[in-house]
Amino acid sequence: MNDFASTPGLILLPAVDVAGGKAVRLTQGEAGSETNYGDPFEAAEQWRDQGAEWLHLVDLDAAFGRGSNTPILRKVIKHMKGVNVEISGGIRDDASLEAALASGAERVNLGTAALENPDWTEAVIARYGEAIAVGLDVRGTTLAARGWTKDGGDLWEVLDRLERANCPRYVVTDVTKDGTLKGPNIDLLRQMTEHTDKPVVASGGISNLDDIAALRDLVADGVEGAIVGKALYSGAFTLAEALDVAAV
């Protein structure tokens with residue numbers, strides 16, 4: 001039996017980032033770099049119809065502390081029957097976390113809160129378990145917080161703390177790659193899987209099907225999935241094509 005036959009496929013999570021009520025993509029996480037891709041509901045529906053099992057849904061306005069798209073996100077989740085939704089953006093206290101889970105999201109990504117409020121983060125991990133993931137957004141080995149506008153500490157120091165808290169899953173984004181179509185940071189992902197035995201979801205830089213295949217090769221090491229954004233929106237490949245490669 002070869003390795004692929006005994007290893008699960010790479011889970012793909014097409015991204016729907018919402019700002020100002022529209023589906024957008026940023027370049028390197030910078031506010032003001034948005035490319036508008038229209039109605040978030042239509043984007044989500046497109047990925048569902050192409051076979052998505054997961055959706056990565058982000059409220060960028062909440063992440064940047066400049067507003068909220070909660071009604072739109074709730075509408076998207078309500079209509080994504082049969083699709084699991086991972087929700088992110090501005091979830092920093094009990095009220096926002098409970099609202100995100102009440103919306104029907106399967107999983108909630110914590111970002112800034114995991115860096116700035118470790119006691120609260122440890123408590124919600126203990127309470128909600130697999131419903132929690134922590135997003136680690138990095139430049140080099142420095143974490144980015146507050147919508148990627150502030151330094152959030154050293155990646156490995158924060159990871160050690162989260163490991164002690166038994167964090168169930170990490171979503172790792174190389175901010176310098178995100179939205180650039182320059183390929184994922186394979187070295188960073190390998191380093192992550194050497195530091196944790198928890199599942200890692202890759203994010204940032206995917207540009208072609210070869211990138212999907214390269215991430216698929218890391219599944220046995222602990223890379224569970226990959227968030228795909230701009231490459232899908234720009235038509236570099238279809239989600240159906242990517243799912244075929246991810247499942248090989």
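These numbers were taken from a predicted model, which means no experiment stands behind them.
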Query raised in the report: Step by step, would you call V58 with V18 a side chain to side chain contact (heavy atoms under 4.5 Å, CB included)?
Result: CA-CA 6 Å; V58 183; V18 184; over 6 Å; no
State, with a plain yes or no, whether a side-chain heavy atom of [X] is found less than 4.5 Å away from one of [Y].
X: T173; Y: V138; value: no
X: V134; Y: C167; value: yes
X: E86; Y: L57; value: no
X: L188; Y: T141; value: no
X: L13; Y: L55; value: no
X: E163; Y: K198; value: yes

Please find the pair of heavy atoms, one from [X] and one from [Y], that lie closest to each other, and give the distance.
X: L189; Y: V223; result: CB-CG2, 4.3 Å
X: L60; Y: A19; result: CB-CB, 4.2 Å
X: I125; Y: A165; result: CG2-O, 3.4 Å
X: A23; Y: V16; result: CB-CG1, 4.4 Å
X: S103; Y: I87; result: OG-CD1, 4.4 Å
X: A214; Y: I186; result: CB-CD1, 4.2 Å

Report task. Sequence neighbours left out, what passes ring-ring contact (aromatic ring centres under 6.0 Å, His included) with F237? Give chain and number order. Result -> none
Report task. Report the residues that fulfil ring-ring contact (aromatic ring centres under 6.0 Å, His included) with W156, sequence neighbours left out, ordered by chain and then residue number. Result -> H195
Using 0.5 Å steps for rounding, measure from the [atom1] atom of [X] to the [atom2] atom of [Y].
X: L143; Y: L159; atom1: CG; atom2: CG; answer: 9.0 Å
X: M80; Y: E45; atom1: CE; atom2: CD; answer: 6.0 Å
X: E106; Y: I77; atom1: CD; atom2: CD1; answer: 11.0 Å
X: R139; Y: T176; atom1: CZ; atom2: OG1; answer: 8.5 Å
X: T238; Y: L232; atom1: OG1; atom2: CG; answer: 8.0 Å
X: N166; Y: I132; atom1: CG; atom2: CD1; answer: 12.5 Å

Donor-acceptor pair, distance only, cut-off 3.5 Å: does the side chain of [X] make one with the backbone of [Y]?
X: R92; Y: N117; value: no
X: S68; Y: T70; value: yes
X: Y128; Y: L97; value: no
X: D59; Y: N69; value: yes
X: Q50; Y: L239; value: yes
X: T196; Y: T193; value: no
X: D61; Y: G20; value: yes
X: R107; Y: N84; value: no

**Report entry** Partner set under salt bridge (charged side-chain N to carboxylate O under 4.0 Å, His left out) for E157, not counting sequence neighbours
**Finding:** none
Query raised in the report: In terms of side-chain heavy atoms, does E224 have a donor or acceptor partner in Y170 at a distance below 3.5 Å?
Result: no
Query raised in the report: Judged by modelled atom types alone, do D211 and S207 share a side-chain donor-acceptor pair under 3.5 Å?
Result: yes
Query raised in the report: Run the side chain to side chain contact (heavy atoms under 4.5 Å, CB included) check on D119 and T121 step by step: do they pass?
Result: CA-CA 5 Å; D119 290 342; T121 301; over 6 Å; no
Requested in this report: Begin with the C-alpha distance, continue with both residues' side-chain angles, and end with the deciding distance and a verdict on side chain to side chain contact (heavy atoms under 4.5 Å, CB included) for I91 and N109.
Outcome: CA-CA 8 Å; I91 300 166; N109 280 2; over 6 Å; no
Requested in this report: Kindly confirm or rule out a cation-pi arrangement of K75 over F41, judged by NZ or CZ under 6.0 Å from the six-membered ring centre and within 45° of its axis?
Outcome: yes
Report task. In plain terms, say whether E130 and R169 are close enough for a salt bridge, that is, a side-chain N and a carboxylate O under 4.0 Å apart. Result -> yes
Report task. Begin with the C-alpha distance, continue with both residues' side-chain angles, and end with the deciding distance and a verdict on side chain to side chain contact (heavy atoms under 4.5 Å, CB included) for L155 and L136. Result -> CA-CA 8 Å; L155 169 61; L136 298 173; 3.9 Å; yes
Query raised in the report: Does CD in E98 sit with more than 12 non-hydrogen atoms of other residues, nucleotides or ligands closer than 6.0 Å?
Result: yes
